[in-house]
Number of protein chains: 2
Amino acid sequence: MEMSGYLIATRKEVAEFAGVSEATVSRVMNGVGPMKEETRSKVLRAAEKLGYVPSALARSFARNRSGNLGVVLPYIPKARLFSSYYFSEMLSGIGSAVREQGYDLLLLFRSEQEPQEYESFFLAQKVDALIILGSRDEPGEREAIRKLKEARHPFLVVNQHFKGESFPEVDVDHVEGSRQAVTHLIQQGCSHIGFLNGPLTYSNSADRLSGYQKALAEGDLHLDSSYLFEGNFSRRSGYEAAEKMRELLPEMDGLFVSNDRMAIGVLQKFREWQIPEEKYPKIVAYDDSDAAEITVPPLSSVRVPFYEMGMIAANKLLQIGNDAELFRTWFDEPVRELLQAELIVRASSRGNTHVNN
Amino acid sequence: MEMSGYLIATRKEVAEFAGVSEATVSRVMNGVGPMKEETRSKVLRAAEKLGYVPSALARSFARNRSGNLGVVLPYIPKARLFSSYYFSEMLSGIGSAVREQGYDLLLLFRSEQEPQEYESFFLAQKVDALIILGSRDEPGEREAIRKLKEARHPFLVVNQHFKGESFPEVDVDHVEGSRQAVTHLIQQGCSHIGFLNGPLTYSNSADRLSGYQKALAEGDLHLDSSYLFEGNFSRRSGYEAAEKMRELLPEMDGLFVSNDRMAIGVLQKFREWQIPEEKYPKIVAYDDSDAAEITVPPLSSVRVPFYEMGMIAANKLLQIGNDAELFRTWFDEPVRELLQAELIVRASSRGNTHVNN
DNA sequence: TTGTAGGCGTTATCAT
DNA sequence: ATGATAACGCCTACAA
């Protein structure tokens, strides 16, 4: 059904009112082609008068372009997805780029049920380009993205790398970020460093593991697999992982955690156990979200430029719409932008100088 | 330019391939009208074979419906909008409703520069319905929303009330939420209760002020305007507002703050001043975001059902697309859904029993 | 500088 | 149960 109670002024009416042809109205509205200033203002006045706004729908249809940049998000019912710092920042960055380029931002929720399938967003012409967030390295996902590439749809994977493929990606050097984090812990005198990581289907988790290993090797420490823990990035999972650290704690003098939220869960558990702060392992977390500053002790954390990532990804992607040359090479030499992370040191990884609040 | 390197299968090709008319293809794809099972499967096979997906663009054009629910967000460059708990939760709620109803979610960023103007989203047919978030009671905004109503565009204002108008709204009873918060402080023995509020152009700020006043009156306390502070909901503004509380602190034994982030800023300042926790005023904040649990001391906070608000708003709004009767009355008896907030008590407002961590 | 007219891929109505 | 066809509102190549 028609969802509105009003009538929309059409180009035809404007043309009649202004006493020109419809084509002229189009030219004026789009500012193309030469035209007499008089005609122009006549048309604009008519449009103003009639409240005419060109239909984006019809325009898209005629141009065969939706004008939308799609962003695929993991759909997890009730998961309060946006609450996660990661997605929030990224979307803000994408939003700001999209806006400047005159596109609209269409949010697309990936379903956990149905098999992954991204191409139909293009086939249905819902989007002109697609940014894929929260991607995981799983067979279905790889396949779905491969299809996008084969069909040469403009897309970009963010914060995820698929080894062996060459997809256009904007990513962060999590290997180096993690290496720095763990090296810092070693420099602080730690020799038994635990690692609470996220699921390895995220390449950023795998990358962090590499960085961790690298730092240990460089510090002549050996990797003890009983020091490896896995969570799902939620606070709760950090809280639960801490349980498993219990018996190692006297030994474990350092801890690297893959995001702030899990680290906060760990801290909660430590506090519950009434471990004195001086006895906490030295901790470095990841993301450097707002929360890192306000925990007790404040968390050292690896800052990830999510906002910039989103902005860069969107800009790159939309750029190819205006640059035929870029489009030609987009898939042959896929973009692989690699941003740097930066370790921010706070009390959680320093000496026993925690403010005892 | 054409942004893709592939060709899209059209209905015509499917029709030819299947040896039927285009109309039949449409019927099959939309599952309308009677049809022989044989024809149906023939068409479906052809579609499958050719990789045909009906063009959402063309469909929207023909149906004169975009299939999009628009969500207006305040645009603040670099403001990391989504990081705010408020918007994050709301969008998650809207997203989940929209998805179920088969709509798409279009994000629209309000500009701070240009005068407010929402109607053109409808005139340009970018959206079939509109949810307005982060609205403020300012002349331009009122005017813009009035126009929506006059033209009978389906829209909904969320978490904001315009006194004297009757716009369709989904809101929270912030008067009652605040009254509870402050009454709780009074019950805890506080008699000099400060209030750090947000800008009064947000009706929820004004409502909180009413609740504060109400509670004071009920507790036979008088309102001292030197106990009123204003911030802009950011942590920094809380941090700065705390400065102004300095000299009142010995007296001020209670503090009500309009959101968690500002409260966190206040706590930071207190900690910087090295005020012992036992001497903090008893604090109740607002929103009950994730952060409230992890501060030291954990913040008592008024829980606001943002997620539900978003979901309810979107559901209500999309419902009117399927219900002519509802649409008819939508503007005559505008929805005014009023959800309840709930006080969550934590250590920050209890006796001197803070865990000294 | 402006007008004419064909086409875009559906939906929906009317025949058959 | 299916086919033919007129809209839908705009863009754009071409004609004038």
Got a salt bridge between [X] and [Y], using NZ or NE/NH1/NH2 to carboxylate O under 4.0 Å?
| X | Y | result |
| --- | --- | --- |
| R146(B) | E143(B) | yes |
| E16(A) | R11(A) | no |
| K147(A) | E119(A) | no |
| E48(A) | R45(A) | no |

Return the 5'-most residue of the pair A58(B), V20(B) with respect to DNA chain D, ranking by each residue's nearest nucleotide. V20(B)
Nearest to side-chain heavy atoms of T39(A), which nucleotide of dT2(C), dT10(C), dT1(C): dT2(C)
Between [atom2] on [N] and [atom1] on [X], what's the gap in Å once rounded to a whole number?
| X | N | atom1 | atom2 | answer |
| --- | --- | --- | --- | --- |
| N64(A) | dG9(C) | CG | P | 6 Å |
| L57(A) | dC8(C) | CG | P | 18 Å |
| K12(B) | dG9(C) | NZ | C1' | 10 Å |
| R63(B) | dT10(C) | CZ | P | 12 Å |

For the residue pair F306(B) and Y86(B), does the interplanar ring angle fall in the parallel (under 30°), tilted (30 to 60°) or perpendicular (over 60°) class? perpendicular
Kindly give the atom pairs (protein nitrogen or oxygen, nucleotide nitrogen or oxygen) under 3.5 Å for nucleotides 4-7 of chain C.
none

Keeping the roles fixed (side chain from T329(A), backbone from L326(A)), state whether a donor-acceptor pair exists under 3.5 Å. yes
At 4.0 Å (heavy atoms only), tell me whether V32(A) reaches a base, stays on the sugar-phosphate, or touches nothing. nothing
Is S60(A) touching bases, backbone alone, or none of the nucleic acid, heavy atoms closer than 4.0 Å? nothing
Check whether the side chains of [X] and [Y] place a donor and an acceptor atom closer than 3.5 Å, and report yes or no.
| X | Y | result |
| --- | --- | --- |
| Q125(A) | S55(B) | yes |
| S166(B) | K149(B) | yes |
| D137(B) | Q160(B) | no |

Contacted region of DNA chain D by chain B, from 5' end to 3' end of the hits, cut-off under 4.0 Å to heavy atoms, spans dA1(D) to dG9(D)
